[in-house]
Amino acid sequence: MDPLEALVAQIQGLSSTSGDINRLHSVLKQADESLRSESTRLSPILSQLDPSIHSLGFLYILEASMPAPVTRTQAETVVPIVTRFIGACSTEQIRLAPEKFLSVCRKLKDQVMLLEAPIRGVAPLFTALRKLQVSAEHLTPLHSDFLLLCLLAKCYKTGLSLLEDDVFEVDQPRDLFLYCYYGGMICIGQKQFQKALDLLHNVVTAPMSTISAIAVEAYKKYILVSLVRHGQFATSLPKYSSSAAQRNLKNFCQPYVDLANSYGTGKIGELEAYVQANAEKFESDNNLGLVKQVVSSMYKRNIQRLTQTYLTLSLQDIANTVQLNSPKEAEMHVLQMIQDGEIHATINQKDGMVRFLEDPEQYKTCEMIEHIDSSIQRIMALSRKLTAMDEQISCDQLYLSKAGRERQRYDFDDFDVPQKFNI
Amino acid sequence: MDGDDETSGPMIDEIYANGGGDDGEKRSRRAIMSGDQLDIEAYAALYSGRTKIMRLLFIADKMSNAGTQLEALRMAYDEIKKGENTQLFREVVQKIDGRLGPNYAMDAAWCDAVDRRAEQKKEKLENELNAYRTNLIKESIRMGYNDFGDFYYAHGQLGEAFKNYVRTRDYCTTSKHIIHMCMNAILVSIEMGQFPHVTSYVSKAEQAPEALDAVIVAKLRCAAGLANLEAKKYKLAARKFLETGPELGHHYNEVIAQQDVATYGGLCALATFDRAELKAIIDNSNFRNFLELVPEVRELINDFYSSHYASCLEYLGNLKANLLLDIHLHDHVETLYDQIRHKALIQYTHPFVSVDLNMMANAFKTTVAGLEKELEALITDNQIQARIDSHNKILYARHADQRNATFQRVLETGMQFDRDARSMLLRSNLIKHDFNLRALRKL
């Protein structure tokens, strides 16, 4: 009998109980080499297998049947098969061979990108990701691929739904870096700047021994987003960030640091001139759009500052103080900001006056109480997690042995001896 | 005009008369500092020694008016001629540049004579000092160094003078000597503009075990006040000047006049003290004696305290030109004035719920637009809790809602903690990952 047919028979036979599947797994591992050599003959076999029942076997054969470089026509046929498989496969079986599953998903990603239809990969990858994930806190290598496809397909909302999960468990730092970087970009696209800032912050402050290109790009965006969000940027990184990042990141992003400095002076003319002069640099980094948002945030910030000082102010005065060209332009800015809930004000068009109001939030509504309550709950959960983590680390053998070694090195007695002799 | 040699006591009365005459207004008792023009002669008469020359030269440098400039230079010339400082003499002659006629030209013969005498005296002093040193008589050595200090001081070599004065320290036997040394060091340091030295020698003198003479105490307070003023610590400076006792009299004319104590102390206090402290100044009988000498400053403190800001600011405006000619105060006038003005604005708005900007602008003798700008700066600085109704030109006080602010802060802090904790967990997991990798490698 042809070894291939025998294998198919085995797959069909050994796909019911978990014991059988384990056996099948070892068989498949052995057959992997031979499968690869016959990759061209494999596609028809797939039709004999049911992806939901024979998931493991299907996976091995599918993986072997997907050659690395493909043509567009090949991709057209393969993509639906993979999509169907991902949708139907059984979670337990594919988790036995996560590398194979990953490889299949990655190939799918490459192929939809080849087809220039990234949107076709979004849904399958999301399903795949959920199937591979042990818990919502676990970061799979698929996260970053999924977010990349979301970005390319401009499905920011889909991407955001994934970003709502808190991620703690990480296998590969690179996965996390990419996840946070792409995630940050998606949040920027959705104008959720605080979330974007948090994600980019994770990249910039992550422990690293050398600077990576991802970290540099993330830092550039980090500077810009923190200007948009907070109107300021502290040039020094927090103490807990790695020394490599503290030393080197700034040197790679000089135009951005200068931009932040220029922003800090509060002079809109200066900022605009600087952006004009360096537009090419920002353009080549694909950050020009964000830079423009930085500039317009400066207007907003200046208008917001006026609300602290004035109760009423004419549009003409607003235009003068924040250096807008005409009262009309000032009106548009104020209007936009009222719509976005950034300021509380009313415009009197008859005499061109803006009346700034206090924040109407009185912290008395049920929604607010609920919001506060949920915040408290969240923080309590977080604090429990911290305690658990602390306990875990203080029981960790590796940690204890390392900590113990270091204590010994600076033993008090070692320093005590010479002093005695001095006397 | 009276001659230079007239004593300063009756001079002060003279000054009032002069000032009042110029103005012809109700405020008859104008001090030296008042008016459009400084009466240099009267001013110079307040001081003695080197500071008189330096102050005159400073005025000559700052004055644009050629007449007064020459007047100041002429007096400096006369004053220097009495001393032995040939270097300064040459400088002044150069500045006069023959504009005062042949009487005030370069006197080479005088210079040579003084220089020659100086050479001889130096030699004599050196011989004496050497003799004392070989005999190891402590008191004589101290005197020798002291003479050297005096000698250098008279000849304008301040650095050398300072060194020699400080050298006497090793030979001081009584606390009186130490104080003498400190006073000399302070004097030279002030002349050199080395105010950190001033502070340290003042504290050294104050640590003397024996009770100090009241005059010395007053002098030390003045010196400390000057040092704090130069260091821009206006509040401390004000305190020191206020503590200065009336015993000061004319004893410290080589550094500071009583009028200066009042002016410096008054302005610094206005700029930095709160109302209760200001009241204490007005009630302080010690300081009142000083203030009587400069009624302008007294009036202006009273006006400020009784909220007559317009007249207070007017006094300040009148004083400004002359204060800018003061050798110690000129650098600080702008800052102090700004602070006083800001305090006035803040105090004006403080008791009101709403303030009509037109009236306020009137009270401060300024335009509404200008006032708005000033208020805006103060509000942005969070010094005034109010908001401006630019349409109706009214300033409304703003009462921060503690409850809302607390809620806002709590929520913000919670978010912050949340973010920090999460990113910390993530980082610690990453570190653990690194740990695991290394552990695996070891295995």
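Order of the sequence lines sets the chain letters (A, B, ...), proteins ahead of strands, with each chain counted from 1. All values below come from the heavy atoms of this structure, side chains included, with hydrogens, waters and symmetry mates left out. Worth saying up front: this structure is predicted, and the values here are computed from it rather than measured.
Using a 4.5 Å heavy-atom threshold, the side chains of Gln308(A) and Asn382(B) count as separate. Between Tyr363(A) and Gln408(B) the shortest side-chain heavy-atom distance falls below 4.5 Å. When side chains are defined from C-beta on, Met208(A) does not count as touching Leu430(B), because their heavy atoms never get closer than 4.5 Å. Side-chain atoms of Asn404(B) and Glu361(A), non-hydrogen and from C-beta on, never get closer than 4.5 Å to each other. With a 4.5 Å cut-off on side-chain heavy atoms, Phe407(B) and Gln362(A) do not count as touching. Side-chain contact check for Arg403(B) versus Lys364(A): some heavy-atom pair is nearer than 4.5 Å.
Of the listed residues (Ile376(A), Asp351(A), Leu386(A)), the one with the most heavy-atom contacts under 4.5 Å to chain B is Leu386(A). Among Ile379(B), Ile394(B), Asp389(B), the residue making the largest number of heavy-atom pairs under 4.5 Å with chain A is Asp389(B).
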Audit row: Asp317(A), Ser390(B), side chain to side chain contact (heavy atoms under 4.5 Å, CB included) steps and yes/no: CA-CA 9 Å; Asp317(A) 282 343; Ser390(B) 149; 3.9 Å; yes

Step-by-step side chain to side chain contact (heavy atoms under 4.5 Å, CB included) determination, Val170(A) to Leu426(B): CA-CA 8 Å; Val170(A) 182; Leu426(B) 192 62; 3.9 Å; yes

Verdict with supporting geometry, Lys385(A) and Arg422(B), side chain to side chain contact (heavy atoms under 4.5 Å, CB included): CA-CA 10 Å; Lys385(A) 204 176 195 66; Arg422(B) 265 186 296 148; over 6 Å; no

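In summary, of the residues considered (Arg387(B), His391(B), Glu376(B)), a side chain to side chain donor-acceptor pair (under 3.5 Å) with Tyr310(A) occurs for Glu376(B) alone.
To the nearest 0.5 angstrom, Phe168(A) atom CZ is 12.0 Å from Arg427(B) atom CZ. Summarising the geometry, atom CD belonging to Glu372(B) is positioned 10.5 Å from atom OG1 belonging to Thr309(A); distances are rounded to the nearest 0.5 Å. In this structure, CG on Asp166(A) lies 11.0 Å from OG on Ser423(B), to the nearest 0.5 angstrom. A distance of 5.5 Å separates CG of Asp418(B) from CG of Leu382(A), quoted to the nearest 0.5 Å. One finds the CG atom of Asp198(A) at 7.5 Å from the CE atom of Met415(B) (value rounded to the nearest 0.5 Å).
For Arg419(B), the part sitting under 4.5 Å from any heavy atom of chain A is the side chain, from C-beta outward, and nothing else. Only the side chain of Leu176(A) comes within contact range of chain B, judged by heavy atoms closer than 4.5 Å. Looking at Met368(A), only its side chain comes within 4.5 Å of chain B, counting heavy atoms on both sides. Both the backbone and the side chain of Leu425(B) come within contact range of chain A, with heavy atoms under 4.5 Å apart. With a 4.5 Å cut-off on non-hydrogen atoms, Gln194(A) touches chain B through its side chain but not through its backbone. Heavy atoms closer than 4.5 Å to chain B are found nowhere in Ser209(A), neither backbone nor side chain.
For CZ of Arg174(A), the number of neighbouring non-hydrogen atoms (other residues, nucleotides, ligands) closer than 6.0 Å is 12 at most. More than 12 heavy-atom neighbours from other residues, nucleotides or ligands sit within 6.0 angstrom of NE2 on His230(A). For Arg169(B), the CZ atom sits in a loose shell: 12 or fewer heavy atoms of surrounding residues, nucleotides or ligands are nearer than 6.0 Å. Within 6.0 Å of the NZ atom in Lys204(B), the count of heavy atoms belonging to other residues, nucleotides or ligands exceeds 12. Around atom CE of Met359(B), no more than 12 heavy atoms belonging to other residues, nucleotides or ligands sit under 6.0 Å away. Counting heavy atoms of neighbouring residues, nucleotides and ligands inside a 6.0 Å radius, atom CD of Gln377(A) exceeds 12 of them.
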